[in-house]
Amino acid sequence: MADTARGSSYPLIWEVVRQIPAGRVATYGQVAVLAGLPGRARQVGYAMHALPEGNDVPWQRVINARGEVSPRSQLGDNEGAEHYQRHLLEAEGIAFDERGRISLSRYRWEPSSDID
DNA sequence: TGCTTGACATAAT
DNA sequence: CATTATGCCAAGC
């Protein structure tokens, strides 16, 4: 579609995240570009915040450029969420280091290399 | 309608 | 690779 996808790009972002294969992770910037929103990584984060519960979007596979799971800012339930994401990612086959970080150089998803 | 905050990225140090 | 500073855009108030 040639439309600029403006208005609500959330469905588009969710669609991109949904295409992330298991055992692989993508950064917000990566998803942003794939969703057609170059430089709008923050909007991707907002889309995750607006995610419905009955969705098929593995948002836990979406991490920041540091290789860490989204700490959800300074919220109080961040610890539980981080541990939960870590558990899910480990189940996918992702390896975490002692600092709870992922080796992006190893698990970064390449859409051109794996079309699922 | 205008300012502040924000599931971030990139460049520089 | 970690931390600090700056920028982008949208949602919330």
Side-chain angles (χ1 to χ4, degrees):
Chain A
M1 304 67 135
D3 59 303
T4 37
R6 68 172 144 275
S8 297
S9 315
Y10 286 0
L12 190 57
I13 296 172
W14 300 335
E15 198 73 355
V16 175
V17 177
R18 191 186 296 181
Q19 285 158 53
I20 303 177
R24 203 84 10 157
V25 295
T27 64
Y28 284 94
Q30 188 83 49
V31 176
V33 174
L34 294 173
L37 305 170
R40 260 129 287 241
R42 281 176 119 154
Q43 170 108 36
V44 179
Y46 265 112
M48 301 295 101
H49 185 105
L51 268 174
E53 301 207 3
N55 56 18
D56 298 338
V57 183
W59 62 273
Q60 46 251 49
R61 289 177 193 155
V62 185
I63 59 180
N64 54 24
R66 290 183 185 172
E68 309 172 318
V69 295
S70 306
R72 272 220 236 164
S73 191
Q74 293 87 21
L75 295 184
D77 60 328
N78 56 12
E79 291 186 45
E82 286 184 50
H83 279 254
Y84 181 58
Q85 292 181 219
R86 176 170 170 170
H87 180 77
L88 291 173
L89 292 172
E90 285 181 323
E92 297 287 315
I94 308 292
F96 280 74
D97 64 352
E98 290 75 9
R99 297 194 200 73
R101 287 188 304 230
I102 306 171
S103 303
L104 285 174
S105 309
R106 237 168 87 147
Y107 294 102
R108 184 176 258 202
W109 172 48
E110 298 176 61
S112 303
S113 189
D114 189 344
I115 319 294
D116 177 69

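Letters A, B, ... mirror the listed sequences (proteins, then strands); counts begin at 1.
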Face-to-face stacking of A/Trp59 with B/dA7, centres under 5.5 angstrom, angle under 30°: yes
Need to verify one output field. Residue with the more 5' nearest nucleotide on DNA chain B, A/Asn64 or A/Tyr46? A/Tyr46
Distance in angstrom units between A/His49 NE2 and B/dG6 C1', rounded: 10 Å
Within the 4.5 Å heavy-atom criterion, are A/Gln19 and A/Leu34 side-chain neighbours or not? no
For A/Gly39, which contact category applies under a 4.0 Å heavy-atom criterion: base, sugar-phosphate, or nothing? nothing
Separation of A/Arg42 atom CZ from B/dA7 atom C1', in whole Å? 11 Å
Where the side chain of A/Tyr28 is concerned, which of C/dA2, C/dC9, B/dA7 is the nearest nucleotide? B/dA7
Whole angstrom is fine here: how far is it from OH in A/Tyr10 over to P in B/dA7? 11 Å
Of all the choices, C/dG7, C/dA2, B/dA9, which nucleotide is nearest to the side chain of A/Thr27 once you look at every atom? B/dA9
Spacing between A/Leu37 atom CG and C/dC8 atom C1', to the nearest angstrom: 12 Å
Hey, is CZ on A/Arg106 packed in by over 12 heavy atoms from elsewhere, all under 6.0 Å? no
Are A/Val33 and A/Tyr28 linked, directly or through other ILVMFWY residues, by side chains that come within less than 4.5 angstrom of each other? no
Looking at side-chain heavy atoms only, is the closest gap between A/Ile13 and A/Met48 below 4.5 Å? yes
Please determine whether the number of non-hydrogen atoms from other residues, nucleotides or ligands lying under 6.0 Å from atom CZ of A/Arg66 exceeds 12. no
Please report, rounded to the nearest Å, how far the C1' atom of B/dA7 is from the CG atom of A/Leu89. 14 Å
Using atom CG of A/Asn55 as one end and atom C1' of B/dA7 as the other, report the distance to the nearest whole Å. 14 Å
Would you kindly give the CZ-to-P distance between A/Arg66 and C/dT3, to the nearest whole Å? 7 Å
Answer with base, sugar-phosphate or nothing: what part of the nucleic acid does A/Arg40 contact at a heavy-atom distance below 4.0 Å? sugar-phosphate
To the nearest angstrom, the CG-P distance between A/Asp97 and C/dC1 comes to 10 Å
